[in-house]
Undergrad: 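Before I ask anything, let me first share the structure, which is written out below as structure tokens.
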Amino acid sequence: MRLSRYFLPVMKETPSDAQIVSHQLMLRAGLVRQTAAGIYAWLPLGLKVLKRIERIVREEQDRAGAVELLMPTLQSADLWRQSGRYDAYGPEMLRIRDRHDRDMLYGPTNEEMVTALFRDGARSYRDLPRILYHIQWKFRDEVRPRFGVMRGREFLMKDAYSFDLDEAGLKASYEAMFVAYLRTFARLGLTAVPVKAPTGPIGGDLSHEFHILADTGESALFYDAAIEDISRDELLAADASTIARLTGLYAMEEEEHSKVADCPVPAERLRTRRGIEVGHIFAFGTKYSASMGLSVQTREGAQVHPQMGSYGIGVSRLMGALIEANHDDKGIVWPDAVAPFQVGLVNMRVDDGNVTSAADEIYGRLREAGVETLYDDRDERGGAKFATMDLIGLPWQLIVGPKGLERGVVELKRRSGGEREELSIESALARLTS
Ligand code: ATP
Ligand code: MG
């Protein structure tokens, strides 16, 4: 992509209305713009990152055997009357009336809708177990939308729903999702702490939140330091024994921790840090299947209400969490896995025919090799171009200038460590395309 044709409105100054660094950087780097309180437009660069996060989330859901569908954002209130949640939900639900005076709502979540779809489509034990998911916008009219996309009103969520014949099946589905979450966050390069979450009056002890450690997190966590010793490779290879080990380690949100009379973790191993909740999994049994009349026939001919669970990931919130975890004083430092472009190609002198023809040639070669490249071909000062590249945080910068070209070299810079190297054009291309 040529920057001269792109839409990348970067800001030099730190916007005064943004309190945390990820929000500031998302605005400054031209990733998003707020269009109403807690509602954001995703600008081209931000949309690319969002799609990359979404893709990793999707790949891990598919790998776990979940099946993707797409449910609408607008829902009928009647669906929610069936579960009794239309009245129970409160002011976070955005209620809408259509021209025929029918009550509608912008979905804050999809338990009711997916239960109704499954009720219409599943008849017997042959149709179970199933895990269905979608990645769709949600709306919750948060009292205090803040921190940019971290707590928006409109936000993108992956939500999955499992249907099993019995509790043992539900436990297996829950574990499959748990593994998918560990792998998803590990692939994103994030350390996520699974925290045992309260389940409320519907009972069951299967609920966990996944928190990314960050000083700006909204939750206060207390956890066993041993959680930090689990390696990325172990998380990528996670199975039931990894879950048993992880969930055996103490981790609680402050409110729950304060109710624990005897904390089992010795003081020297008890860590307290803040966390950003990026995922939440929850086994709730027959709550919706029973209230909404979903039942299937067992092998023996009896009718049972399926055991269900739901599994959310805050896809758009993850972008904020990723920036909280990956930035320095110059800007964002994207991990390779989610970077919007892999290479930022900087033409230092667009008015110099030699430089421009060399840079154009490199750009063409990178494109042919399928390396996503943002080519800064604008007529701007070198200093401004460097500042923009550092701000938007692409993993590699390739700098083409007149002095280097005289010696037959270009400069390759790694954004994360800042290392710079002079290389021939061919060696630089070989490095970036290998
Ligand atoms: P929170 O406690 O942060 O309000 P929640 O418990 O209400 O979240 P869930 O219903 O568990 O949220 O939703 C699943 C996931 O969706 C959360 O783990 C979070 O990552 C994301 N999420 C929830 N609310 C928001 C929001 N307002 N903005 C962005 N992401 C959100
Ligand atoms: Mg939650």
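Order of appearance sets the numbers: ligands from 1, and atoms from 1 within every ligand.
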Undergrad: On a heavy-atom basis, I'd like to know which of Ser219, Gly314, Ser316, Ser207 is closest to atom 15 (C) of ligand 1.
TA: Gly314
Undergrad: Keeping the roles fixed (side chain from Ser289, backbone from Pro306), state whether a donor-acceptor pair exists under 3.5 Å.
TA: yes
Undergrad: At less than 4.0 angstrom from any non-hydrogen atom of Val278, what atoms of ligand 1 do you find?
TA: 18 (O), 20 (O)
Undergrad: How about CZ on Arg81, more than 12 heavy atoms from neighbouring residues, nucleotides or ligands closer than 6.0 Å, or not?
TA: yes
Undergrad: Looking at ligand 1, would Ile276 count as a contact under a 4.0 Å heavy-atom criterion?
TA: no
Undergrad: What are the atoms of ligand 1, with element, lying closer than 4.0 Å to any heavy atom of Gly279?
TA: 18 (O)
Undergrad: Purely on distance, is any nitrogen or oxygen of Arg153 under 3.5 Å from one on ligand 1?
TA: no
Undergrad: At less than 4.0 angstrom from any non-hydrogen atom of Glu142, what atoms of ligand 1 do you find?
TA: 24 (N), 26 (C), 27 (N)
Undergrad: Residue-level breakdown please: for Arg151 versus ligand 1, do any non-hydrogen atoms fall below 4.0 Å on the side chain, on the backbone, on both, or on neither?
TA: both
Undergrad: Salt bridge between Arg378 and Glu380, side-chain N to carboxylate O under 4.0 Å?
TA: yes
Undergrad: Just to be sure I'm reading this right: ignoring hydrogens, which of Phe282, Tyr311, Phe139, Phe155 gets closest to atom 24 (N) of ligand 1? Compare them by their nearest heavy atoms.
TA: Phe155
Undergrad: Using a strict 4.0 Å threshold on nitrogen-to-oxygen distance, state whether Lys413 and Glu419 make a salt bridge.
TA: no
Undergrad: Using heavy-atom distances, let me know which of Glu277, His211, Arg140 sits nearest atom 10 (O) of ligand 1.
TA: Arg140
Undergrad: Of all the heavy atoms in Glu218, does at least one lie under 4.0 Å from an atom in ligand 1?
TA: no
Undergrad: Any idea which atoms of ligand 1 are less than 4.0 Å away from a heavy-atom of Val149?
TA: 29 (C)
Undergrad: Can you tell me if CZ on Arg55 sees more than 12 non-hydrogen neighbours from other groups inside 6.0 Å?
TA: no
Undergrad: Does the pair Glu59/Arg187 count as a salt bridge with the N-to-O cut at 4.0 Å?
TA: yes
Undergrad: Could you tell me whether Asp224 and Arg271 make a salt bridge, using a distance below 4.0 angstrom between a side-chain N and a carboxylate O?
TA: no
Undergrad: Can you tell me which residue among Phe284, Phe118, Tyr125 is in a ring pair (Phe, Tyr, Trp, His ring centres under 6.0 Å) with Phe163?
TA: Phe118
Undergrad: Is it true that Gly152 lies under 4.0 Å from ligand 1, counting heavy atoms only?
TA: yes
